[in-house]
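Scroll down for the structure; my scribbles are underneath it.
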Number of protein chains: 2
Amino acid sequence: MKPTITAFAASPDRGRGLARDMRVRWAFEEVGQPYSVRLLSFAAMKDPAHLADHPFGQIPTYRNGDLVLFESGAIVLHIAERHMGLLPDDADARARAVAWMFAALNTVEPPIVEYGMATLFEQDKSWYEERQQMLETRVRVRLDELSATLGDADWLEGAFSAGDLLMVTVLRRIERSGLLAHYPNLAAYVARGEARPAYRRAFDAQLAVFAASETSG
Amino acid sequence: MKPTITAFAASPDRGRGLARDMRVRWAFEEVGQPYSVRLLSFAAMKDPAHLADHPFGQIPTYRNGDLVLFESGAIVLHIAERHMGLLPDDADARARAVAWMFAALNTVEPPIVEYGMATLFEQDKSWYEERQQMLETRVRVRLDELSATLGDADWLEGAFSAGDLLMVTVLRRIERSGLLAHYPNLAAYVARGEARPAYRRAFDAQLAVFAASETSG
């Protein structure tokens, strides 16, 4: 039985692959697990039927038989634990990879999301310029630390893992900001992730959904 | 061998148990695993020796033999996977509990941290009042959804799990804001967590560290 995930019927990023289904698609592609996608309109995301699957009315969800999961990080971990290819075999090395998953989502992503949200929603506010400097500094503190840790390695802990998968998707959110240009090793790290065949397949699949929504809309 | 974690030598919350070592202490107490604590000054957190253990120069870290972990969520998961008491036995139920761990840290905590940070650092800014309304609305959207999901249950998924442990520590961050008073079931949920004997032991242990820092300082 193929698991089914949910995704935006019309992604607000216009096919740039920044919505959180991209992480789950990429994980499926890395481990070679076929999956189905059920598309949801924005209105449908707040329907009781979807809220029963996702308490916060977001995408993606994951359904496999009776099991329903939400939170992209939890879904990627679930896939990684059940297939080869996203976590090392050694128990300690696995725990380290999982630590990077949490670091991507709880330490690096929040200031990046905050920075992006201000760009989207506060440009007309009197405080925008001053505050954006503050937010950029918070992001750069994390990028400084991440860049120092990565050094000239290809991936955060030896082989590519679910930790890298999540971290690359988090860093992609600032690709257009210009911030990554200050960190050549992080820019190369993101490019290395995007060059993986599994990433390309996942990206193309979500782009096809957006392209179809444009022609049908 | 007892694992060793790091914590603030002088917690900025003055012993209220809001620092992230509290989560790990609580997890250890729930599963009955003794642990040691190594205290760090703020200056020591940015030392190369600590940065080698924690790329982002924070607490807590976890060390057990050769394994070093960072990120409180990852450490709690590591403890929960190796001991009885924080995750259900059934595989699907475990995956659901892990989904709530990620939800606590990646969906509920970020707007709460943002709201708290503005209270701490932006009170003197011209934009404070207007922006705080916006941030409070973002927090309340998540609390509305969480409250609806919890309903009149004791815990998020039947028995207490690591997902509840993290969610309670996240909600404790707004205990003084008055926001929880709008959600009697969430206030009762937090109180239920705080009443657990394991929580009390963990709380008292971190409070003792703060009390000692006051008398020695």
Side-chain angles (χ1 to χ4, degrees), chain A residues 20 51-52 54-58 61-62 64-78 81-82 91-111 113-114 117 121-122 125-128 130-131 134 138 141-142 145-146 148-150 156 163, chain B residues 20 46 51-52 54-58 62 64-78 81-82 91-111 113-114 117 121-122 125-128 130-131 134 138 141-142 145-146 148-150 156 163:
Chain A
R20 287 178 173 78
L51 287 171
H54 197 311
F56 303 102
Q58 298 174 325
T61 55
Y62 165 103
N64 196 3
D66 291 334
L67 175 63
V68 177
L69 295 177
F70 57 101
E71 289 287 330
S72 58
I75 299 169
V76 169
L77 181 58
H78 185 76
E81 284 177 335
R82 277 153 189 80
D92 283 2
R94 281 173 94 91
R96 293 279 306 173
V98 171
W100 279 110
M101 296 179 68
F102 280 95
L105 300 183
N106 200 226
T107 296
V108 181
E109 183 167 76
V113 165
E114 204 55 34
M117 285 188 44
F121 298 117
E122 299 181 27
K125 301 290 187 184
S126 59
W127 64 69
Y128 178 71
E130 184 181 349
R131 197 162 169 279
M134 213 171 75
R138 277 164 58 186
V141 167
R142 294 298 173 232
E145 294 161 335
L146 185 64
T149 299
L150 180 65
L156 289 165
Chain B
R20 287 177 172 81
K46 304 300 174 187
L51 287 170
H54 197 312
F56 303 103
Q58 297 172 325
Y62 165 103
N64 197 2
D66 290 336
L67 175 63
V68 177
L69 295 177
F70 57 101
E71 289 287 329
S72 58
I75 299 169
V76 169
L77 180 58
H78 185 75
E81 284 177 335
R82 277 151 191 81
D92 283 2
R94 282 173 91 91
R96 294 279 306 173
V98 171
W100 279 110
M101 295 179 68
F102 279 96
L105 300 183
N106 199 227
T107 296
V108 181
E109 183 168 77
V113 165
E114 203 56 35
M117 285 188 43
F121 299 117
E122 298 181 27
K125 302 288 188 185
S126 59
W127 65 69
Y128 178 72
E130 183 180 352
R131 194 160 174 278
M134 211 171 77
R138 276 164 58 187
V141 167
R142 294 299 173 231
E145 294 161 336
L146 185 64
T149 299
L150 180 64
L156 290 164

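In what follows, every chain begins at residue 1, and chains take the letters A, B, ... in the order their sequences are listed.
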Contacting moiety of [X], where chain A heavy atoms sit under 4.5 Å:
X: Ile75(B); answer: neither
X: Ala52(B); answer: neither
X: Val113(B); answer: neither

Chain B contact via Leu51(A) - side chain, backbone, both or neither, heavy atoms under 4.5 Å:
neither

Mind ranking [options] by heavy-atom pairs under 4.5 Å with chain A and telling me who comes out on top?
options: Arg142(B), Glu109(B), Glu81(B); result: Arg142(B)
options: Pro110(B), Ser72(B), Ala95(B); result: Ala95(B)
options: Met101(B), His78(B), Gln58(B); result: Gln58(B)

What distance separates Thr107(A) OG1 from His54(B) NE2, expressed to the nearest 0.5 Å?
6.0 Å

Only one of Glu122(A), Lys125(A), Arg131(A) passes side chain to side chain contact (heavy atoms under 4.5 Å, CB included) with Trp127(B); say which it is.
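Answer after filtering Glu122(A), Lys125(A), Arg131(A): Arg131(A).
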
Scan for salt bridge (Lys or Arg N to Asp or Glu O under 4.0 Å) pairs involving residues 93-106 of chain B, sequence neighbours excluded, and state none if there are none.
Arg96(B)-Glu157(B)

Please examine the side chains of Arg138(B) and Met117(A), heavy atoms only from C-beta on, and report whether any two atoms are closer than 4.5 Å.
yes

For the residue pair Phe102(B) and Phe102(A), does the interplanar ring angle fall in the parallel (under 30°), tilted (30 to 60°) or perpendicular (over 60°) class?
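Parallel, since the angle between the ring planes stays under 30°.
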
Which heavy atom in Leu69(B) sits nearest to a heavy atom in Ala99(A), and how many Å separate them?
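Where Leu69(B) meets Ala99(A) most closely, the heavy atoms are CD2-CB, 4.3 Å.
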
Grab the two heavy atoms, one from Glu145(A) and one from Phe56(B), that are nearest each other, plus how far apart they are.
OE1-CD2, 3.2 Å

Could you walk me through whether Val98(A) and Leu77(B) pass side-chain contact (heavy atoms from CB on, under 4.5 Å), step by step?
CA-CA 9 Å; Val98(A) 171; Leu77(B) 180 58; 3.9 Å; yes

Whether Asn106(A) side chain and Asn106(B) backbone form a donor-acceptor pair below 3.5 Å
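Not at all, since once roles are kept as given, no pair shorter than 3.5 Å links the two residues.
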
Between Leu146(A), Asp92(A), Asn64(A), Thr149(A), which has the largest tally of heavy atom pairs under 4.5 Å with chain B?
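Result: the option with the highest number of such pairs is Asp92(A).
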
